[in-house]
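Just so you know, these numbers come straight off a predicted model, no measurement behind them. For ligands, and for the atoms within them, numbers begin at 1 and follow the listed sequence. All residue numbers in this chain count up from 1 along the given sequence.
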Amino acid sequence: MDKLGWLIVSVMLCRTFANTQSDEEFGYVPSLGDTSPGSVWPQPQSHTSTAQTIPVTIENFSFNYVASSYQCSTLDQAFKRYQGVLRSMTSHLRLKFRPMALQVISALDINLMSLCEHYPSLHMNEAYNLVVKEDQSILTSGSVWGILRGLETFSQLLWETATGEMVVNKTTIIDHPRYTYRGILLDTSRHYLSLNVILKNLDAMAYNKFNVFHWHIVDQESFPYVSQVYPDLSRKGAYQANYVYTPDDVAAVVEYARLRGIRVVPEFDTPGHSLSWGLGQPDLLTPCYASEKPSGTFGPINPILKSTYRFIRNLFIELKEVFPDSYIHLGGDEVSFDCWKSNPDITNYMKQKNITGDYAKLEEIYIQKISEICEELGLSYIVWQEVVDNGVQVKGDAVVEVWKRNKPQVELAKVTKLGYHAIITAPWYLNRIQYREDWYNFYQYEPTNFNGTKEQKNLLIGGEACMWGEYVDGTNIIPRLWPRASAVAERLWSAKDVNNVTEATPRLHQHRCRMVQRGIAAEPLHKGYCIHDWGI
Ligand SMILES: *[C@@H]1O[C@H](CO)[C@@H](O)[C@H](O)[C@H]1NC(C)=O
Ligand SMILES: *[C@@H]1O[C@H](CO)[C@@H](O)[C@H](O)[C@H]1NC(C)=O
Ligand SMILES: *[C@@H]1O[C@H](CO)[C@@H](O)[C@H](O)[C@H]1NC(C)=O
Ligand SMILES: *[C@@H]1O[C@H](CO)[C@@H](O)[C@H](O)[C@H]1NC(C)=O
Ligand SMILES: *[C@@H]1O[C@H](CO)[C@@H](O)[C@H](O)[C@H]1NC(C)=O
């Protein structure tokens with residue numbers, strides 16, 4: 001065959017392959033334009049609406065406290081933000097529609113029924129009621145966080161008619177999240193992420209009602225966190241001098257998140273995953289031995305030195321100031337015992353303690369001491385599942401994060417049987433990608449599907465989507481996360497029985513287009529298009 005012939009055959013093979021993967025196996029229909037105008041993602045607990053639509057004036061839309069409402073500066077800023085969001089929906093229209101109807105909606109009344117809280121917490125109240133009708137539209141909540149969630153919902157109810165008019169259906173929504181912990185993990189150690197990308201991701205999280213940014217800020221590869229007590233940690237442990245998060249940067253992230261009702265839980269993972277720490281803090285890591293001599297390589301943090309605990313204590317005192325959340329993530333995953341085994345000082349220490357050979361016990365001693373430091377400082381903590389698997393007793397309000405994909409149900413049953421709170425991430429490692437609509441799997445995972453009593457199920461307080469950083473940086477992290485993480489958002493917010501992918505698809509397509517319209521480079525779900533080209 002000549003060259004052209006081969007080319008045609010191989011092009012045909014590629015086409016066939018692509019079709020097999022996308023159409024036949026999964027039976028998609030393309031998503032054409034607006035598939036579900038005015039639908040809400042994640043789906044509210046109760047959403048009743050009629051086909052009656054009311055025009056909305058976008059240009060001068062206002063949010064007004066009713067007389068009995070508390071006021072709150074966090075909300076004042078949110079009102080400005082959502083005015084911007086509403087205006088951006090009509091940014092493509094050269095002729096703005098001026099509604100001539102007698103009944104138009106030009107304001108949303110706000111009724112905040114309790115004092116403004118400054119910082120979100122694990123126990124924050126996010127429930128709200130929203131009524132949209134001709135004479136008065138009103139958003140009511142017992143907390144500022146519920147008002148924030150309701151504002152997001154309100155913004156999603158608006159849609160554009162074929163004639164370019166913005167309208168909203170007559171609607172009543174009664175809503176609250178199924179789980180109180182709904183997180184996204186970003187890893188800024190494998191690749192540095194710029195502040196802009198982190199803030200953009202916080203916007204996307206708010207559009208999906210996520211409420212925890214789990215900041216896996218440091219790891220083996222680099223230490224970008226700038227500590228004021230131990231400046232050498234980032235000076236020597238960051239990839240480069242400019243790939244760091246200064247105190248101002250961290251404060252900016254925390255504030256941006258707070259304004260959106262999102263907690264920032266930093267993870268300082270030890271005793272493993274800590275190679276980069278050792279560059280700026282001599283004697284912190286365990287020297288590994290080969291043939292009875294130090295080999296020049298280092299292992300986990302050295303658990304037998306007093307200096308280790310002085311260091312951690314000083315660092316944590318600073319972290320408590322820098323990160324206002326009452327929780328810190330202590331890590332504790334994937335501790336390799338080989339280096340500890342090779343080191344004669346460690347062996348001697350274990351002989352003294354009568355724990356010879358049991359290196360999990362050594363890890364327990366370490367985590368126990370770290371947890372005592374946390375307790376002393378008034379910090380609650382989250383740990384990865386290995387800590388409990390290795391027999392460490394954690395504090396009553398500790399949260400155990402289940403990540404291993406091998407039998408997460410068994411792990412959840414075990415952790416909750418011990419009486420610990422748990423969050424699950426095992427089914428939601430979004431850094432793993434496939435050539436198909438993999439959100440189906442994320443969406444259909446039922447977290448409570450494990451053997452346990454009602455009390456045990458209540459100990460499961462939520463979960464999170466993880467985006468580990470080996471293969472992502474600012475160039476691709478947003479499209480890789482969104483809208484795939486939206487599937488997790490709905491699983492964690494909406495009712496248990498909202499799990500039908502056929503029904504979710506048009507809403508998710510709509511939501512993806514909505515995110516694109518708002519400047520989030522969310523990737524397509526499948527074949528099709530959004531009704532407008534938003535220029536991303
Ligand atoms: C909103 O109103 C439109 C137009 O009357 C109707 O087609 C649509 O089904 C309504 N949507 C909802 C969610 O009620
Ligand atoms: C918005 O308000 C401004 C000032 O109050 C007014 O000049 C303008 O005409 C209003 N625009 C619309 C569309 O109502
Ligand atoms: C060390 O442990 C062994 C086995 O658990 C026990 O028999 C022994 O009494 C212990 N010795 C000390 C000094 O605690
Ligand atoms: C629950 O336990 C039963 C009986 O031991 C077992 O057959 C079943 O697979 C378990 N279910 C899950 C989700 O682990
Ligand atoms: C999912 O929804 C579709 C469309 O409403 C329906 O035909 C299908 O039976 C549902 N699937 C399940 C498993 O309930």
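Where the criterion is an N or O separation shorter than 3.5 Å, residue side chain and backbone included, Thr502 fails it with respect to ligand 5. Taking distance alone, with nitrogen or oxygen atoms compared against 3.5 Å, Ser49 approaches ligand 1 more closely than that limit.
The distance between the ring centers of His329 and Trp384 falls below 6.0 angstrom. Checked against a 6.0 Å centroid threshold, the rings of Tyr327 and Tyr181 do not count as neighbours.
Ring geometry, Trp41 versus His511: the interplanar angle falls under 30°, so the pair is classed parallel (tilted spans 30 to 60°). The aromatic rings of Phe63 and Phe79 lie parallel to each other, with less than 30° between the two planes, well short of the 60° mark.
Note on ligand 1: Val167 sits outside its first shell, no heavy atom being nearer than 4.0 Å.
Regarding atom 6 (C) of ligand 5, its nearest protein heavy-atom neighbour is Asn500 ND2, 4.1 Å. Annotation: atom 5 (O) of ligand 1 to nearest protein heavy atom, Ala51 O, 2.6 Å.
Taking only non-hydrogen atoms, the option from Ile54, Val40, Asn169 nearest to atom 8 (C) of ligand 1 is Asn169.
Near Trp159, meaning under 4.0 Å from one of its heavy atoms, ligand 1 places the atoms 2 (O), 3 (C). Listed by number with element, the atoms of ligand 1 under 4.0 angstrom from any heavy atom of Thr50 are 1 (C), 14 (O).
There is a protein heavy atom closer than 4.0 angstrom to atom 11 (N) of ligand 1. Protein heavy atoms are found inside the 4.0 Å sphere centred on atom 2 (O) of ligand 5.
Cation-pi check for Arg263 over Tyr119 is not met; the charged atom does not lie both under 6.0 angstrom from the ring centroid and within 45 degrees of its normal. Taking the centre and axis of the six-membered ring of Tyr207, the NZ or CZ atom of Arg514 falls outside the cone set by 45° and 6.0 Å.
In this structure, Glu255 pairs ionically with Arg258, as a charged nitrogen and a carboxylate oxygen lie closer than 4.0 Å.
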